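One structure below.
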Amino acid sequence: MRVVIVTESFPPDVNGVAHCALQTARHLAARGHDPLVIAPAVTGSDSGAPCPVVRVPSMPLPGYPQVRVALPSRRLAAALTAHRADVVHLASPFVLGVRGMGVAARLGLPAVAVYQTDLAGYARTYMGAGESTAWRRIRTVHTAADRTLAPSSAAVRDLEEHGVPRVRLWPRGVDTVRFRPELRDESLRRELAPGGETIVGYVGRLAPEKCVELLAGVCALPGVKVVVVGDGPSGAALRNALPGAVLLGRRTGEDLARIFASLDVFAHTGPYETFCQTVQEAMASGLPVVAPAAGGPLDLVDHGRTGLLVPPRDAGAVRDAVAALVADPARREAYGRAARATVEGRTWAAVGDQLLGHYAEVLRERTAVAA
């Protein structure tokens, strides 16, 4: 198949949308298909891309320069037309993806839209309102697609309850070779926690919707060192909000995998996750997980077996769950072993083959309608 992936973000960006789009392109190329990526222009190289990448003009999002928004450009339609696509894959359609949807409709091409961003939750966080407007936009965009793929059971329910048709579950894979317990590094642990503390880590964007400040109570636990990996607009404020925490900034690749494996507990705080890839990476690294009982973590964390689910936005509950795991090393170890075993079959190859199945079904449905 000839597939055009229209994505709001692509490496060198570091986020869930970019990572999933990259893994999708890699899998298509590995299976002998012909992908093309269309993404906003960024500073950096496409040297690691497995296929051609067309960049369209973009601008930084005001107040959040790590996010770039595509500007109107003829490159999108020209590239999509020239590739002679069989399927258009829209990764988290918001601005560029909406334009891609319009071009696909004009060309009569089937479109598969991947839901990845909780725009309604972001509206609530950043504006204190606008959820209904966000859902109207989501419904309009995804109703125009032949199929919407949602990454978790909670996301499927949200979309269906808000009137989005033709929704199917499509989870995310995890690199169980890169993220593995064997990378645990005692010298790194001594560097991060020179007093021999139990290390509790967070990995992800440092932004208001992630609620990382909920870890303040964990910082106050005796014998605990909090380590935060990531960057974003909340970085400066979190240095004050998390006394004693080690903020490592953005880390990637093998460096990130080594940090994951060197933690004792992984704590995620964001209540608006449609999936939560860092939870899967922590589980692959053999870590017990503390996460909100909302969104994607509901599918990922088996409460009482691979980690603990807590009420969203409840700092006391986060602190108490972490404290319980800190106090019981045997429980931590058992949860970590179970977590690793749970994700071992969730490779990107397996998930990518599921995606190919969705493409094939959409193409068959289009053919049946045309007949």
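No experiment lies behind these values; they were computed from the predicted model shown.
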side-chain contact (heavy atoms from CB on, under 4.5 Å) between E197 and V224, intermediate numbers included: CA-CA 5 Å; E197 299 94 338; V224 169; 5.6 Å; no
Any P50 side-chain heavy atom under 4.5 Å of P35 side chain: no
Any donor-acceptor N/O pair, R332 side chain to L325 backbone, under 3.5 Å: yes
R99 side chain to A77 backbone, donor-acceptor under 3.5 Å: no
Under 3.5 Å donor-acceptor, T274 side chain and A155 backbone: no
Modelled atom types, side-chain donor and acceptor of T342 and T306, under 3.5 Å: no
Atom pair CG/OG of L188 and S262 - distance to nearest 0.5 Å: 4.5 Å
Aromatic plane relationship, F266 with F260 - under 30° parallel, 30 to 60° tilted, over 60° perpendicular: tilted
V310 with V326, same ILVMFWY side-chain cluster at under 4.5 Å: yes
Ion pair E365/R147, N-O distance below 4.0 Å: yes
Check: H142 ring centre within less than 6.0 Å of W135 ring centre: no
E182 vs R184, side-chain contact (heavy atoms from CB on, under 4.5 Å): CA-CA, chis, key distance, verdict: CA-CA 5 Å; E182 293 79 11; R184 190 174 180 86; over 6 Å; no
Within-4.5 Å side-chain heavy-atom neighbours: R168 and T148: no
Spacing of Y202 atom OH and H268 atom NE2 [to the nearest 0.5 Å]: 5.0 Å
Donor-acceptor contact below 3.5 Å, side chain Q280 vs main chain R172: yes
Atom pair SG/CE of C276 and M283 - distance to nearest 0.5 Å: 11.0 Å
Sub-4.5 Å side-chain heavy-atom contact between V95 and E8: yes
Closest non-hydrogen atom pair, A241 against E213: CB-CB, 4.4 Å
Nearest atoms (heavy-atom pairs only) where Q116 meets V17: NE2-CA, 3.5 Å
Pairing of D146 and R166 as salt bridge, 4.0 angstrom limit: no
Heavy-atom side-chain proximity of P171 to Q354 below 4.5 angstrom: yes
Side-chain heavy atoms of R205 within contact of S234, under 4.5 Å: no
Sidechain-backbone polar pair: R180 side chain, V177 backbone, donor-acceptor under 3.5 Å: yes
D13/R68 under side-chain contact (heavy atoms from CB on, under 4.5 Å): CA gap, chis, key distance, verdict: CA-CA 9 Å; D13 291 348; R68 298 193 67 87; 5.8 Å; no
Residues clustering with V88 (ILVMFWY side chains joined when closer than 4.5 Å, directly or via others): V4, V6, L36, I38, V54, V56, L76, L80, L90, L96, V98, M101, V103, L107, L109, V141
Non-neighbouring partners of A245 that pass side chain to side chain contact (heavy atoms under 4.5 Å, CB included), sequence neighbours left out: C219, V226, L242, L247
Verdict with supporting geometry, D34 and H83, side-chain contact (heavy atoms from CB on, under 4.5 Å): CA-CA 9 Å; D34 189 1; H83 195 65; 3.6 Å; yes
Shortest non-hydrogen contact from P40 toward S9: CD-N, 4.2 Å
Common cluster, Y115/V362, ILVMFWY with side-chain heavy-atom separation under 4.5 Å: no
Inter-residue atom distance C51.SG - I5.CD1, 0.5 Å rounding: 6.0 Å
Side-chain donor-acceptor pair present, S153, D299, cut-off under 3.5 Å: yes
Short side-chain to backbone donor-acceptor contact, H33 and M1, under 3.5 Å: yes
Under 3.5 Å donor-acceptor, W348 side chain and G173 backbone: yes
R313 (side chain) donor-acceptor with G270 (main chain) under 3.5 angstrom: no
Sidechain N-carboxylate O distance under 4.0 Å for R189, D264: yes
By side chain to side chain contact (heavy atoms under 4.5 Å, CB included) - contacts of A324 (at least two apart): R331
Closest heavy-atom pair and its distance - P151, L169: C-CD1, 3.8 Å
Distance in Å, Y272 OH paired with C211 SG, rounded so as to fall on 0.5 Å steps: 6.0 Å
Check: D158 main-chain N/O paired with H162 side-chain donor or acceptor under 3.5 Å: yes
Residues E273, K210: salt bridge by 4.0 Å N-O rule: yes
Side chain to side chain, R136 and S132, heavy atoms closer than 4.5 Å: yes
Pair D353 + R31: basic N to acidic O under 4.0 Å: yes
Common cluster, V218/V265, ILVMFWY with side-chain heavy-atom separation under 4.5 Å: yes
Heavy-atom check, side chain of V301 versus side chain of L308, under 4.5 Å: no
L22 CG to H19 NE2 distance, which is reported to the nearest 0.5 Å: 7.0 Å
Charged N-O contact under 4.0 Å between E333 and R337: yes
Shared hydrophobic cluster, L238 / V246 (ILVMFWY, side-chain heavy atoms < 4.5 Å): no
Cationic N near anionic O, under 4.0 Å, E344 to R346: no
Ion pair check, D86 and R2, cut-off under 4.0 Å: no
Side chain to side chain, V200 and L221, heavy atoms closer than 4.5 Å: no
Short side-chain to backbone donor-acceptor contact, T7 and F10, under 3.5 Å: no
Closest contact, heavy atoms only, V14 versus T252: CG2-CG2, 4.0 Å
R84, CZ atom: more than 12 neighbouring heavy atoms under 6.0 Å: no
Linked, directly or transitively: Y335 and V279 (ILVMFWY side chains, under 4.5 Å): no
Non-hydrogen atoms of Y359 and T24 that approach each other most closely: OH-CG2, 4.1 Å
